[in-house]
Enquirer: 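I have a structure here, written as structure tokens, and I will follow up with some questions on it.
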Amino acid sequence: MHYRAPSSFDRRVLNPLVAGLTRFGLSVWGSRVLEVRGRTSGEPRRTPVNLLALEGERYLVAPRGHTQWVRNLRAAGEGRLLVGRRREAFTATEVPDAEKEPILREYLRRWKWEVGQFFGGVGPDSPAAELERIAPDHPVFRLDRG
């Protein structure tokens with residue numbers, strides 16, 4: 001399974017900064033704080049994510065691959081998106097690899113400057129075959145309001 005651990009700068013500076021601003025109520029380029037129950041501890045776990053809206057649906061994409069939040073969301077099947085004091089419950093359905101190409105393309109179009117390094121040189125203008133090739137490395141979840 002593909003996974004790219006965050007750098008110490010991301011862990012200590014960037015992620016806490018984005019999460020802090022989002023908790024304060026300022027969404028940075030569509031950011032949210034994802035809260036999902038830990039699969040072993042049962043405790044709420046929080047991480048900043050980019051919420052993608054595409055063709056009337058909403059998605060979470062895991063640019064770093066099969067991360068802890070991905071594993072927790074698979075196990076829980078539900079979570080909450082936080083911005084400031086707003087809490088939005090949702091249920092999540094994992095998108096099959098065969099359906100990810102347009103979602104990954106739009107995600108990269110919007111946030112390549114931030115996450116492009118995790119996609120191995122594949123970008124929003126890459127051929128469909130390239131996006132399909134990397135699809136198994138990047139879990140995607142469709143969100144429905146809970």
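Excluded from the calculations below are hydrogen atoms, water molecules and symmetry mates; all remaining heavy atoms, backbone and side chain alike, are included. Position 1 is the first residue of the sequence, and the numbers go up from there.
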Enquirer: Could you check Phe90 against Leu73 for side-chain contact (heavy atoms from CB on, under 4.5 Å), going step by step and ending with a plain yes or no?
Expert: CA-CA 11 Å; Phe90 67 85; Leu73 190 52; 3.9 Å; yes

Enquirer: Nearest 0.5 Å, what's the CD1-CZ distance between Ile134 and Phe118?
Expert: 13.0 Å

Enquirer: Do Arg58 and Glu88 sit within salt-bridge range, that is, some charged N less than 4.0 Å from a carboxylate O?
Expert: yes

Enquirer: Listed by chain and number, what are the salt bridge (Lys or Arg N to Asp or Glu O under 4.0 Å) partners of Arg39, not counting sequence neighbours?
Expert: none

Enquirer: Would you call Leu54 and Ile103 a side-chain contact if the rule is heavy atoms closer than 4.5 Å?
Expert: yes

Enquirer: Enter the distance from Leu51:CG to Leu34:CG here, rounded to the nearest 0.5 Å.
Expert: 10.0 Å

Enquirer: At what distance, to the nearest 0.5 angstrom, does CZ of Arg110 lie from CH2 of Trp113?
Expert: 10.0 Å

Enquirer: Does the pair Leu81 and Arg87 meet the rule for a side-chain contact (heavy atoms from CB on, under 4.5 Å), with working shown?
Expert: CA-CA 6 Å; Leu81 294 173; Arg87 309 285 192 252; over 6 Å; no

Enquirer: Do Val33 and Thr47 make a side-chain contact, defined as non-hydrogen atoms from C-beta onward lying under 4.5 Å apart?
Expert: no

Enquirer: Please step through side-chain contact (heavy atoms from CB on, under 4.5 Å) for the pair Arg74 and Glu94, ending with a clear verdict.
Expert: CA-CA 8 Å; Arg74 281 180 181 143; Glu94 194 159 359; 2.9 Å; yes

Enquirer: Just by distance, do the side chain of Ser126 and the backbone of Gly123 share a donor-acceptor pair under 3.5 Å?
Expert: yes

Enquirer: Check whether any side-chain N or O of Lys100 sits under 3.5 Å from a backbone N or O of His138 as a donor-acceptor pair, and report yes or no.
Expert: yes

Enquirer: Can you confirm whether Arg45 sits close enough to Gln68 that some side-chain heavy atom of one is under 4.5 Å from a side-chain heavy atom of the other?
Expert: no

Enquirer: Charged N to carboxylate O under 4.0 angstrom, Glu101 versus Arg105?
Expert: yes

Enquirer: Does some side-chain heavy atom of Leu131 sit less than 4.5 Å from a side-chain heavy atom of Leu108?
Expert: yes

Enquirer: Donor-acceptor pair, Arg85 side chain versus Leu82 backbone, under 3.5 Å?
Expert: no

Enquirer: Got Val115 and Tyr107 here, is their nearest side-chain heavy-atom distance under 4.5 Å?
Expert: yes

Enquirer: So which atom in Val70 and which in Gly65 form the shortest heavy-atom distance, rounded to 0.1 Å?
Expert: CG2-O, 3.6 Å

Enquirer: Side-chain polar contacts of residues 139-146 - donor-acceptor pairs under 3.5 angstrom, sequence neighbours left out - could you list them?
Expert:
none

Enquirer: Please name all residues satisfying salt bridge (Lys or Arg N to Asp or Glu O under 4.0 Å) with Glu35, sequence neighbours left out, ordered by chain then number.
Expert: Arg46, Arg80

Enquirer: Could you tell me the separation between the CH2 atom of Trp111 and the CD atom of Glu106, rounded to the nearest 0.5 Å?
Expert: 8.5 Å

Enquirer: May I ask you to test the Lys112-Pro124 pair for a side-chain heavy-atom distance under 4.5 Å?
Expert: yes

